[in-house]
Amino acid sequence: MPTPIITTAGLARTFQTKRGPVEAVRGIDLTVERGEIIGFLGPNGAGKTTTLRMLTTLLAPTGGSATIAGRDLARDPRGVRARIGYVAQSGGVDPAVSVREELVTQGRLYRLGKDEAATRATELAGQLGLEGLLDRKCAALSGGQRRRLDLAMGLTHRPEILFLDEPTTGLDPGSRADLWHLVRTIRAEHGTTVFLTTHYLDEADALADRLVVVDHGRVVAEGTPQSLKAEYAGSPGGTLQDAFLAITGRSAPQDTTPVAV
Ligand SMILES: Nc1ncnc2c1ncn2[C@@H]1O[C@H](COP(=O)(O)OP(=O)(O)OP(=O)(O)O)[C@@H](O)[C@H]1O
Ligand SMILES: [Mg+2]
């Protein structure tokens, strides 16, 4: 068996707040193989972003451990950072600078030389369909173009693992399909492991090899889209939406409608 690219054991995070502790993540055990596309699902507040922020070294766990791309998260966060890319839930581009400047700055942050950073910026723009937009200000990009730029920034240093937090939220169906295509291409061409969260279950179904569903800070189900549907959707031909509702215990909208008497 090849060594998994991500393993976590009891990964946990409690936030101390004025109103008392908030147990955002209560102990997550994960195994991800190299080259997998993982869909990390769960209702609002389930602990997805908190988990991603821990896996990407932005937030220290309060419990458990993780090994990411062969590096121990607690002992070698710099080693982890060098091998991963992270695209946050709300993208972090500077609206006042051009796409080219933003990409070059990102390259420089990853210690590329000036010429190298410029070359990489052009290369990434080509890969992500941004070549005509290099000299446009980030503020003038559409939502889909902005998300592609976010992705380009996350890929600057050719990471082994790409973490994407809701990469397609707010995009129109065409832009979402473009982004799926990009994610598949990146994986096919570079063997990149992709770990993404989404609330679009059709997207999770179409894109992910394997799904991990969290709720209240714990893994409540995992498996291929097919196996989760077979186990939880209730009827043959049931959708991932049906399975998700069964897993998270949320009743379907029609169940909450008062019954007329
Ligand atoms: N800095 C913080 N301080 C206190 N509580 C926090 C903090 N960050 C997150 N939480 C809480 O932790 C829980 C998990 O939040 P998280 O952002 O991980 O959820 P999520 O699954 O990403 O949700 P969404 O689908 O809405 O993005 C929530 O109850 C949230 O309010
Ligand atoms: Mg989130």
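Just so you know, these numbers use all the heavy atoms, side chains as well, and skip hydrogens, waters and symmetry mates. Note that ligands are numbered from 1 as they come in the structure, with each ligand's atoms numbered from 1 the same way.
- Not a single N or O atom of Thr51, backbone or side chain, sits closer than 3.5 Å to an N or O atom of ligand 1.
- Between Leu228 and Ala243, the shortest heavy-atom contact is O-CB, 3.7 Å.
- What sits closest to atom 17 (O) of ligand 1 on the protein, heavy atoms only, is Thr49 CB, 3.6 Å.
- A side-chain N or O of Thr49 and one of Asp165 form a donor-acceptor pair less than 3.5 Å apart.
- The heavy atom nearest to atom 25 (O) of ligand 1, considering only Lys18, Arg19, Lys48, is found in Lys48.
- For a threshold of 3.5 Å applied to N or O pairs, the pair formed by Gly42 and ligand 1 contains no separation below that value.
- For atom 5 (N) of ligand 1, the nearest protein heavy atom is under 4.0 Å away.
- Side chains of Thr57 and Arg81: a donor-acceptor N/O pair is present below 3.5 angstrom, by distance only.
- For Thr197, no heavy-atom contact with ligand 1 is shorter than 4.0 Å.
- The protein non-hydrogen atom at the shortest distance from atom 24 (P) of ligand 1 is Asn44 ND2, 3.6 Å.
- Under the 3.5 Å distance criterion, the side-chain polar atoms of Thr168 are left unmatched by any main-chain donor or acceptor of Arg176.
- Interface atoms of ligand 1 facing Thr17, defined by a heavy-atom separation under 4.0 Å, are 4 (C).
- Counting only distance, with no hydrogens or angles, the side chain of Thr105 and the backbone of Glu101 share a donor-acceptor pair below 3.5 Å.
- Any N or O atom pair closer than 3.5 Å counts here, and Val22 shares no such pair with ligand 1.
- Side-chain atoms of Thr122 and Thr119 include no donor-acceptor pair closer than 3.5 Å.
- Residue contact check for ligand 1: His199 places a non-hydrogen atom closer than 4.0 Å to it.
- With a cut-off of 2.8 Å, the Mg ion (ligand 2) has an N, O or S atom of Thr49 in range.
- Near Glu166, meaning under 4.0 Å from one of its heavy atoms, ligand 1 places the atoms 25 (O), 27 (O).
- Checking side-chain atoms of Arg148 against main-chain N and O of Leu128 turns up a donor-acceptor pair under 3.5 Å.
- Ligand 1 has no N or O atom lying under 3.5 Å from any N or O atom of Phe15, backbone or side chain.
- Residue, atom and distance of the protein heavy atom nearest to atom 14 (C) of ligand 1 are Gly45 O, 3.4 Å.
- Judged by distance alone, the side chain of His157 and the main-chain N or O of Ile84 form a donor-acceptor pair under 3.5 Å.
- Looking at atom 12 (O) of ligand 1, its nearest protein heavy atom turns out to be Ala24 CB, 3.1 Å.
- In summary, no N, O or S atom of Asn44 is located under 2.8 Å from the Mg ion (ligand 2).
- Atoms of ligand 1 lying under 4.0 Å from any heavy atom of Gln89, numbered from 1 in the order shown and given with element: 27 (O).
- A donor-acceptor distance shorter than 3.5 angstrom exists from the side chain of Gln106 to the backbone of Met153, with no hydrogens or angles considered.
- Arg146 places no side-chain N or O within 3.5 Å of a backbone atom of Asp150 that could act as its donor or acceptor partner.
- Of the polar atoms of Thr50, at least one N or O is found under 3.5 Å from an N or O of ligand 1, judged by distance alone.
- With hydrogens and angles left out, the side-chain atoms of Glu36 and Thr193 include no donor and acceptor closer than 3.5 Å.
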